[in-house]
Amino acid sequence: MVEKQPTPLIEIHDLTVAYDKKPVLWDVDFTLPEGKLIGIVGPNGAGKSTLIKAIMGLIPMQSGYVKLFGQGLDKVRDKISYVPQRESVDWDFPTSVLDVVLMGRYHKLGLFKRPRKADKEIAMDSLRKVGMEAFSKRQISKLSGGQQQRVFLARALAQQAELYFMDEPFAGVDAATEKAIVALLKDMVSKNKTVIVVHHDLQSVRKYFDWLLMLNTRLVANGPVDQVFTNEFLEETYGGKLTLLSEVTELMKKEELPNREKK
Amino acid sequence: MVSDAISHSVLPGIVIAFLISGSRDSLVMLIGAGLLGLITTFIIEFLHQKGRLQADASIGVTFTWLFAIGVILLSYFAGDVDLDQDCVLNGEIALLPLDLWYTEGGTNMGPKTIYVSGGITLLVVLVIYFNYKELLVTTFDSGYAASIGISIALWHYVIMGLVSLTTVASFESVGAILVVAFIIAPPATAYLLTEKFKTMLLLTCALGILISISGYYVAVWLDGSIAGAMSSMSGVFFAMAFARYRWTKKRIT
């Protein structure tokens with residue numbers, strides 16, 4: 001099921017991405033609405049992160065085009081924030097929390113300009129929103145996984161964007177951080193921002209998201225969570241693990257599933 | 001390790017520059033070597049990304065064959081010129097004060113190296129000062145840098161270009177071993193002493209100066225090789241920093 005929107009915030013047409021001739025995304029075609037908290041789910045290797053990276057122009061696509069706010073990426077970069085996977089950077093790098101969050105202001109500064117006082121205030125404000133203002137001078141090597149993720153989120157907030165792409169923000173974070181992040185994302189969406197999250201944990205899908213994109217190399221479903229988060233689409237997305245999955249969804253309905261153990 | 005590779009792979013650049021210009025003018029050599037330095041980083045990146053070679057393998061392959069080409073060119077074309085491997089590989093720091101720069105009028109302006117190295121130092125400092133944020137963000141989080149429209153490739157080549165210029169300039173005056181010792185040991189030592197990036201940069205410079213001065217006096221005292229004494233001093237400083245690091249760490253845990 002693919003629902004069309006009258007004025008799409010994101011329009012992806014015929015997107016195909018391959019690594020070494022092996023397609024990771026095949027002929028993916030969809031539009032996404034504005035002002036929603038949108039989840040992307042699918043099994044490992046389904047191309048979830050690849051989809052975000054392709055949209056952000058970080059990896060070449062074999063075919064297709066991407067339109068954001070009805071335009072090409074380069075024209076609207078200022079309105080978009082990308083949060084990479086936490087594991088993608090070296091957290092032993094010798095720098096401070098505030099310096100990382102200040103990177104969220106770099107796109108507004110010119111080539112030879114340095115961050116000013118106003119930028120520092122915005123960065124501190126972003127840290128406050130994620131409950132990390134006391135850590136601004138801390139070296140990033142001394143942070144826990146949940147704190148690292150909050151720093152990444154603060155950097156994204158400092159960008160003051162309209163549209164946010166987040167790659168697995170809940171991977172390996174503690175329960176308190178997950179709760180705080182979800183509250184923050186919902187607050188952003190209530191201010192008409194759009195947040196797109198690559199997500200792993202099926203049991204929280206209904207609780208977190210308004211809209212869901214189900215992916216397994218091809219697009220399986222795209223629409224409001226109540227309409228697409230069904231057994232039928234889950235089976236189509238996760239294929240082989242079918243019986244296990246229907247048990248999971250049954251349990252989910254009863255909300256009896258114990259919290260999944262975090263990494 | 002890229003700097004180690006560059007210090008060797010620039011050899012064909014120096015030889016070709018010499019063959020084309022026929023002079024041993026430092027500026028011509030510097031341009032030839034600088035170009036080869038950039039080509040080296042291009043080849044390393046190319047093999048790593050397109051050839052799917054591991055980073056260390058592509059560095060190893062690149063600098064060995066470029067260096068070999070340099071040696072062949074040197075022995076074949078320039079065998080009878082005063083441009084032998086020894087002087088290229090182990091430039092003698094003690095001879096620097098003798099390589100003087102005279103103006104047209106014959107005024108003695110002091111050792112040439114001071115001007116060449118000084119100019120490159122100024123360039124490096126200016127680039128770091130004005131482009132600190134670009135260098136920081138592309139080094140720390142390249143995916144994010146690309147997402148806000150900062151070119152990772154451009155800044156990679158800027159920094160590698162500076163590394164190869166620095167390497168080549170110092171290489172000509174103090175030789176390959178000392179260049180590698182000074183490119184690696186001071187920052188590695190500083191990394192053990194501080195966790196702040198800016199402090200690390202300043203500490204690296206301070207350590208470089210300290211190693212040079214102490215190394216010089218050790219050489220005078222022992223009446224030995226200056227380059228050897230300086231390299232040894234860099235090892236001594238690193239060992240002290242390492243001991244301190246282990247000791248403070250043990251106390252915390």
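In what follows, every chain begins at residue 1, and chains take the letters A, B, ... in the order their sequences are listed.
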Among the listed options B:M200, B:E195, B:E134, the residue most often paired with chain A at heavy-atom distances under 4.5 Å: B:E195
What part of A:D78 lies closer than 4.5 angstrom to a heavy atom of chain B: side chain, backbone, both or neither? neither
Side chains of A:P94 and B:T194 in contact at under 4.5 Å (non-hydrogen atoms): no
Proximity breakdown for A:S141 and chain B, heavy-atom pairs closer than 4.5 Å: side chain
Does atom NZ (A:K67) have a neighbourhood of more than 12 heavy atoms from anything else shown, all under 6.0 Å? no
Taking it one step at a time, do A:Q159 and B:Y144 satisfy side chain to side chain contact (heavy atoms under 4.5 Å, CB included)? CA-CA 12 Å; A:Q159 282 185 268; B:Y144 176 78; 3.2 Å; yes
Count the heavy atoms belonging to other residues, nucleotides or ligands that lie under 6.0 Å from CH2 of A:W91, then report whether that count exceeds 12. yes
Hey, what's the ring geometry for A:F93 with B:F140, parallel, tilted or perpendicular (30° and 60° as the breaks)? tilted
Distance (rounded to the nearest 0.5 Å) between A:D99 CG and B:Y132 OH: 5.5 Å
Under a 4.5 Å cut-off applied to non-hydrogen side-chain atoms, are A:R77 and B:I148 in contact? no
Measuring heavy-atom distances to chain B, does A:K142 have an atom under 4.5 Å in its side chain, in its backbone, in both, or in neither? side chain
A:F152 versus chain B, the contacting section by heavy-atom distance below 4.5 Å: side chain
Among A:M56, A:Q85, A:M103, which residue forms the greatest number of heavy-atom pairs with chain B at distances under 4.5 Å? A:M103
Calculate, to the nearest 0.5 Å, the distance between atoms OG1 and NZ belonging to A:T95 and B:K198 respectively. 8.5 Å
Please classify the contact between A:V83 and chain B as side chain, backbone, both or neither, with a heavy-atom cut-off of under 4.5 Å. neither
Highest number of heavy-atom pairs under 4.5 Å with chain B: which of A:V89, A:I80, A:D74? A:V89
Using modelled atom types and a 3.5 Å cut-off, is there a donor and acceptor pairing between side-chain atoms of B:K133 and backbone atoms of A:R105? no
Got a sec: does the OH of B:Y217 have more than 12 other heavy atoms crowding it under 6.0 Å? no
Top contributor to chain B interface from A:R155, A:K113, A:H107, A:K53 [non-hydrogen pairs under 4.5 Å]: A:R155
Heavy atoms of B:S147 and A:L58 approach each other most closely as N-CD2, 3.9 Å
Report yes or no: is the cationic atom of A:R114 (NZ for Lys, CZ for Arg) under 6.0 Å from the centre of the six-membered ring of B:Y129, at an angle within 45° of the ring normal? yes
Determine whether a donor-acceptor pair (N or O, by modelled atom type, separation under 3.5 Å) exists between the side chain of A:Y106 and the backbone of B:I150. no
Under 6.0 Å from the CZ atom of A:F69, do we count more than 12 heavy atoms belonging to anything else shown? yes
More than 12 foreign heavy atoms under 6.0 Å from CD of A:Q71: is that the case here? yes
Okay, A:L102 and chain B: the region with an atom under 4.5 Å from a heavy atom over there is neither
